[in-house]
Each structure stands twice: as structure tokens, then as C-alpha cells.
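Here is the structure we will look at, set down as C-alpha cells.
Proteins come first, then strands; the chains are lettered A, B, ... in the order of their sequence lines, and each starts at number 1. Just so it is clear, the values below take in all heavy atoms, side chains as well, and ignore hydrogens, waters and symmetry mates. None of the values given here were measured: they were computed from a predicted structure.
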Amino acid sequence: MAARNAPESSSSSLIDELGRCCYQRDLPGAIRIMDAMERHGVRADSIMYSELIKCCLARGGVEQGKLVHKHVFSNGYQPTMFLINILINMYVKFDLLDEAWKLFDQMRERNVVSWTTMISAYCNAKLNERALKFLVLMLREGVRPNMFTYSSILRACAGLWNLRQLHCSITKAGLESDVFVRSALIDSYSKMGELQNALSVFNEMVTGDLVVWNSIIGGFAQNSDGDEALNLFKSMKRAGFPSHQATLTSVLRACTGLSLLELGRQVHVHVLKFDQDLILNNALLDMYCKCGSVADANTIFTRMLEKDVISWSTMIAGLAQNGFSQEALRLFESMKLSGMKPNYVTIVGVLFACSHAGLVEDGWYYFRSMKQLFGIDPGREHYGCIIDLLGRAGKLDEAVRLIHGMKSEPDAITWRTLLGACRVHRHVDLAIYAAKRILELDPQDSGTYILLSNIYAKSQKWEDVEEIRRAMKTRGIKKEPGCSWIEVNKQIYAFIIGDNSNPQMDKITKYLNHLIQRLMEVGYFPDTNFVLQDLEGEQGEDSLRYHSEKLAIAFGMMSFSKEKTVRIWKNIRICGDCHVFAKLLAKKENRIIVIRDPIRYHHFQDGICSCGDYW
DNA sequence: CTAGGGTTAG
């Protein structure tokens with residue numbers, strides 16, 4: 001308004017007026033004054049232009065930003081490097097990388113800020129290769145990267161670049177102590193799974209910094225080392241840092257990985273003060289689902305004001321994994337009604353629910369129509385669900401045909417799914433075939449070697465047994481011992497097959513024998529006959545009688561009152577005999593037993609298991 | 001004028 005009232009004002013008053021408009025974030029007013037300035041051939045200084053650009057950014061004025069750009073360069077004027085950098089940054093913030101690049105390309109001279117702005121923009125756009133190319137060009141032009149450059153580029157280099165080499169340059173430049181660089185380094189090492197390197201960067205820190213702590217805790221949590229993540233969290237608290245959303249999210253993820261429901265509940269209390277944080281709520285949902293407490297998850301889900309596709313997907317998969325397939329599918333319907341668009345992961349959960357409930361028709365329907373309905377191409381995980389579905393229905397040949405016709409190459413998990421179907425239908429020949437495919441793709445999978453060797457031993461093919469042993473030896477494969485854990489009085493007890501170090505072991509074994517005795521009265525008989533029942537090969541060294549999960553269950557029942565759910569988790573998959581044992585025990589003793597293996601949950605109640613005897 | 005940390009499947 002002011003500009004229109006004072007069309008012939010002097011150059012200095014125009015600039016004063018421009019300053020006022022910028023300060024008040026009056027973008028239309030500022031642009032009008034800029035027009036007037038252009039007519040009068042008046043220019044502002046770089047600082048004033050930068051204020052004007054800030055105003056454009058604050059108001060989302062892309063077009064106005066372009067006008068400013070034109071004005072700055074009008075009459076053949078060559079703006080300062082400082083000002084061009086700001087213009088480049090403006091285009092980056094507006095997501096117009098091509099415009100930013102054009103400006104950058106035309107610069108006569110570029111400093112570290114110009115380069116870093118572009119590199120950071122490419123990193124954010126996940127154009128990692130291009131970001132790295134720019135780093136090389138920058139070095140070639142003799143511009144030295146600073147801490148801003150390194151903390152940006154580090155996010156792009158995971159997997160693409162020699163991280164250690166970059167780390168060396170950082171150290172040489174004396175930039176390692178910068179907290180931004182440090183957290184980026186930790187993050188990059190974590191993303192490449194090099195936790196020891198991440199930890200040594202972390203340990204060199206003297207000053208302490210919230211984000212650096214979050215980086216290292218997140219690193220361990222994401223690499224499924226929940227123990228270390230939780231230890232670090234304790235140290236962080238001891239060092240006096242307050243819990244931040246990102247910290248708690250990682251801590252919850254650690255609880256999820258370790259199935260620590262009780263600790264998860266305690267963390268929940270701290271989450272309450274951030275009750276609007278979407279990511280944190282999603283992590284909480286997942287924790288309750290994966291720790292087998294669907295009721296708690298449901299409560300959280302219902303109370304969440306804001307839900308995104310991850311919230312829905314987590315809840316759908318969580319219901320399905322816990323055996324509530326119908327509820328999962330109903331929730332999927334509500335999701336569609338709510339207008340939320342499902343993604344790749346959502347459909348995995350939906351198909352999982354179908355296969356779990358034996359809903360062959362629905363499963364095929366979603367699988368065949370996911371592309372048209374939701375624009376999602378079926379991937380390995382989707383195929384896996386359908387293989388599972390066919391396997392359950394006993395259509396093993398069809399499952400094999402599906403695998404051979406897959407658009408994405410089958411991986412070890414695909415073949416393991418088929419192997420699971422072979423176990424249920426006692427199809428030994430196909431099991432051997434699947435096991436061989438697994439070992440081609442995952443030569444480190446000790447369980448599959450044991451399984452194959454057990455199959456061969458059973459049919460007295462000793463030469464084949466010998467061959468497997470040799471292969472294991474040359475490849476340095478050690479059998480992973482079966483191990484089960486249980487939390488009693490905030491203490492974690494581990495039961496490892498063949499390990500009797502628990503001081504109460506005598507009592508526990510005695511009690512377990514007593515339980516087995518009672519079950520045998522109602523028809524239980526330990527089934528050692530069929531090798532395929534033990535997919536991961538816990539048997540062999542010791543009798544089935546003392547499989548780690550049986551000991552853990554016995555210990556849990558000794559320690560808890562009848563109402564308390566006995567929650568066990570174990571490192572390898574549950575064997576068929578232990579599965580029968582747990583089902584009968586749950587009924588006979590009127591208990592709820594929950595066992596979590598590396599891939600799924602088994603809820604034993606009333607003589608049945610949520611997995612429907614298929615895993 | 002340029003920079004760092006968190007959530008879903010298998």
C-alpha cells in the first residue's frame with residue numbers, strides 16, 4: 001500500500017519501505033516496491049535482498065522468488081557471490097533443483113557455501129551419486145570442504161563411497177570434533193552395519209551432545225543390537241540428558257527387538273508427554289504388537305489423533321502376526337474407507353493375514369489386483385505370502401511354479417517359506433530341493449545344513465551327511481545353539497541347550513518332567529520321528545525333552561501365578577514337538593503361553609495356537 | 001548464505 005502512495009519517493013525511502021515490508025513479511029507489498037525500484041533503476045544491497053528472499057520463503061512465494069532473481073540480475077548487473085548463494089538456496093528450498101543448478105553453473109566463482117548448498121540439496125533428494133560427483137568437482141576446483149559439507153555428504157556416502165577414506169579426510173581437516181560431523185559419521189557407519197567404527201567415533205566425544213547420543217543409540221537399535229542400545233541409553237540418562245522423541249523411539253525399537261514388554265511399558269510412561277508425536281506413537285504401536293500385547297496396541301491406535309500409512313500398516317500386520325487375521329482385514333477396510341492409501345508394506349500385512357487365516361480366494365484377489373487397485377507391483381514379500389497360502393492348502397507344486405515364475409528373483413526367505421510348507425505336508429524330496437536353494441543363496445544358514453544332514457541321516461544316506469559336514473567345515477559354519485529367554489522379576493533368564501549353569505536347573509528339570517508326565521496322561525507323546533518338524537535343527541545334540549523353550553516354559557510356570565502370561569522368546573524357530581507340548585500344556589494347565597521366534601508369534605491358549613499349526 | 005538423530009514387512 002505504501003508503495004502506491006509514494007510512487008516518486010527517493011531511492012533511500014523506497015529501500016526503507018522494502019525493509020519494513022520484509023520485516024512484516026508483507027510479500028505483495030515488497031514485490032510492488034521492488035517493481036518501483038526497477039522502474040527507477042534503484043538497487044538494494046545484498047543484505048536487503050536476502051531479507052526479501054527470506055520473505056518469499058516464509059510466504060511460499062515461488063513466483064515472487066523468481067521475480068527477485070530477475071531483478072537482482074537486471075541491467076546486466078553482477079550480484080555478489082553471497083547473494084547468488086542465497087538465491088541458489090532459495091531454489092533448493094522450493095525444490096527447484098534445476099533452477100538452482102542453472103544459477104550455480106553460471107557463477108564465475110564459487111565458494112564452499114555454493115558447493116555445500118548444492119551437495120546438501122542432492123543428498124536431501126537422495127541423488128547420492130550426483131552429490132558425490134559434486135564433491136569431487138569441488139575438490140578439483142580447489143575448494144576445501146568444511147564441516148557443513150562433510151555432515152551433508154556423509155548421509156549420501158553409505159554404501160557408495162569409501163567411508164573410511166572420507167573419515168580420514170575429515171580427521172586430517174581437524175573436523176572430527178564437530179558434533180554435526182560426528183553424528184553424521186556415526187550414522188553412516190551404522191547404516192553400513194559397522195557398529196564398532198560408529199562406537200569408536202562416539203567414544204572420542206568429550207563434550208556430549210544430545211543428537212550424537214541419539215545417533216549411536218539409534219544405530220544399535222536399527223542393527224538389532226537392542227542390548228547395547230539400552231546400555232547406551234542408561235549411560236545417557238546417567239550423563240544427565242533428558243529423553244528426546246528420537247531417543248525414546250530408538251529405545252522402543254530396542255524393546256521391540258528384545259521383546260521386553262515390561263520395559264516397553266515403562267518407556268510408554270515417558271512417551272506420554274510427547275503424545276502427539278506420530279513417529280513415537282508408531283514405534284509404541286509396533287512395540288506392543290511385537291511384544292504380543294495387541295490390546296495395548298489397539299488402545300494406542302484408537303487414541304492416536306494423527307495416523308499415517310505406517311500406523312495403519314503396523315496395526316494391520318500386528319493383528320495378523322498375532323493371529324487376528326479377520327480383525328486385520330477389517331482394519332484394512334477401515335483404512336481404505338478413511339481415504340488412507342495403502343503402500344507396499346500395507347499389502348504385505350494384508351496378504352499375510354489372508355494366508356494366515358487360509359483365505360485363499362481373498363489372498364489371490366488382493367495379490368492379483370494390487371497393481372490395479374493400489375498401483376503397487378508385487379515383490380518378494382507378496383509372493384512369499386502367496387507361497388505360504390498355497391503351501392497351507394497343500395498345493396506345493398503350484399507354489400513351486402509360482403516361485404519359478406516370480407518377477408523378482410526368489411531369495412533365501414522365499415525358499416524358507418516353501419520349506420515351511422514341506423514341513424507341514426511332510427514332503428521330504430521338495431524339502432531337500434528347497435534347502436539346497438536356501439544354501440545357494442545363504443551359505444551361512446547353519447540351521448538349514450543341520451536340517452539337510454538330519455534328513456539324510458534319517459534315510460541313512462551317510463555319504464550325503466558327510467558332504468554336508470565337509471561343506472560346513474570348509475565354510476566355517478558353526479551350529480547356532482538353540483536358546484530361549486524369559487523375563488522374571490525384571491531379570492532375563494537364558495536357557496541354552498546343553499547349558500546347566502542356572503542354579504535352579506535341577507528344580508526346573510524336575511518340574512518339566514512333572515509337566516511332561518501330566519501331559520502324557522492326556523495323550524502327549526514326544527514326537528522324534530519326523531526330521532522336518534525341526535526346521536532349524538535344535539534337536540540332535542540333546543533329546544527333545546529338554547529343548548530350551550520347554551525349560552523356559554517350565555521356569556515361567558514355576559515363577560508366575562496362573563493368570564500371568566508366560567512369555568518366551570527364542571533365537572531359532574520352534575520345533576514341532578515343542579509346539580504340540582505348548583498347546584497341550586496351555587489347555588491342561590489353563591495358561592496363556594506366548595512364544596516369539598525369529599519371524600512370528602505363537603499364542604498358545606485353550607489347546608490351540610494362533611499360528612494355526614503352520615509356521 | 002551451507003550441516004546431524006526416530007516409525008511399518010520378510
Side-chain angles (χ1 to χ4, degrees), chain A residues 46-47 49-50 53-54 80-90 92-93 110-121 123-124 145-155 175 178-188 190 209-219 221-222 244-254 256 274 277-287 289-290 307-318 320-321 342-353 379-385 387-388 411-414 416-417 598-600:
Chain A
S46 295
I47 304 284
Y49 283 124
S50 91
I53 290 168
K54 268 187 214 159
T80 59
M81 188 174 0
F82 169 85
L83 185 50
I84 303 179
N85 283 343
I86 292 174
L87 279 168
I88 294 175
N89 185 244
M90 175 192 79
V92 168
K93 294 260 164 67
R110 306 173 189 95
N111 68 1
V112 60
V113 176
S114 331
W115 284 101
T116 303
T117 306
M118 291 309 293
I119 289 174
S120 151
C123 291
N124 282 332
N146 63 11
M147 57 270 252
F148 290 82
T149 324
Y150 282 121
S151 52
S152 291
I153 198 73
L154 276 168
R155 300 202 299 139
L175 295 171
D178 181 83
V179 287
F180 283 78
V181 173
R182 194 185 295 281
S183 59
L185 263 174
I186 292 173
D187 202 44
S188 301
S190 305
D209 178 82
L210 178 70
V211 179
V212 176
W213 276 102
N214 288 341
S215 305
I216 192 72
I217 293 175
Q222 283 154 42
H244 182 266
Q245 287 100 308
T247 327
L248 293 175
T249 306
S250 295
V251 171
L252 280 173
R253 180 165 171 155
T256 308
F274 305 112
D277 191 299
L278 179 60
I279 299 181
L280 194 44
N281 277 329
N282 286 344
L284 197 58
L285 264 184
D286 193 44
M287 185 277 291
C289 287
K290 293 243 174 61
K307 300 182 182 83
D308 65 359
V309 64
I310 296 184
S311 327
W312 287 94
S313 307
T314 304
M315 198 61 220
I316 290 170
Q321 282 162 341
N343 67 9
Y344 188 98
V345 181
T346 321
I347 307 300
V348 175
V350 170
L351 292 179
F352 186 82
R380 281 194 196 101
E381 294 86 353
H382 302 110
Y383 278 101
C385 292
I387 294 162
D388 200 79
D411 62 0
I413 297 170
T414 312
R416 261 184 223 119
T417 308
I599 31 184
R600 56 164 57 70

Side-chain N,O (N89(A)) to OP1/OP2 (dC1(B)) below 4.0 Å: no
F82(A) CZ to I47(A) CD1 distance, which is reported to the nearest 0.5 Å: 4.5 Å
Under 4.0 angstrom between R155(A) side-chain N/O and dG4(B) OP1 or OP2: yes
Phosphate contact (dA3(B) OP1 or OP2) by S120(A) side-chain N/O below 4.0 Å: yes
Touch class at under 4.0 angstrom, heavy-atom based, for K93(A) against every strand present: sugar-phosphate
Closest listed nucleotide, where the reference is the side chain of I310(A) and the choices are dG6(B), dT7(B), dG10(B): dT7(B)
All side-chain hydrogen bond (donor to acceptor under 3.5 Å, both in side chains) counterparts of D388(A), not counting sequence neighbours: S355(A), R392(A)
Partners meeting ring pair (Phe, Tyr, Trp, His ring centres under 6.0 Å) with F180(A) (sequence neighbours left out): none
Sugar-phosphate, base or nothing in reach of V212(A), heavy atoms under 4.0 Å: base
Near-ring test H382(A)/Y344(A), centroid separation under 6.0 angstrom: yes
Candidates dG10(B), dC1(B), dA3(B) - which lies nearest the side chain of E381(A): dG10(B)
Sugar-phosphate, base or nothing in reach of L285(A), heavy atoms under 4.0 Å: nothing
Nucleotide nearest L280(A) when distance is taken to its side chain, options dG4(B), dC1(B), dG6(B): dG6(B)
Side-chain donor-acceptor contact under 3.5 Å, S190(A) with D187(A): no
Sugar-phosphate, base or nothing in reach of Y150(A), heavy atoms under 4.0 Å: nothing
Sugar-phosphate only, base, or nothing, as touched by V179(A) at under 4.0 Å among non-hydrogen atoms: base
Touch class at under 4.0 angstrom, heavy-atom based, for H244(A) against every strand present: base
Sugar-phosphate only, base, or nothing, as touched by S151(A) at under 4.0 Å among non-hydrogen atoms: base
Phosphate-side-chain proximity, Q321(A) and dT8(B), N/O vs OP1/OP2 below 4.0 Å: no
Sugar-phosphate only, base, or nothing, as touched by D178(A) at under 4.0 Å among non-hydrogen atoms: base
Proximity to the side chain of Q245(A) - top-ranked nucleotide from dA9(B), dG6(B), dG4(B): dG6(B)
Touch class at under 4.0 angstrom, heavy-atom based, for I216(A) against every strand present: nothing
Touch class at under 4.0 angstrom, heavy-atom based, for R253(A) against every strand present: sugar-phosphate
Candidate nucleotides dC1(B), dG4(B), dA9(B), ranked by approach to the side chain of Y344(A) - the nearest: dA9(B)
Touch class at under 4.0 angstrom, heavy-atom based, for D277(A) against every strand present: base
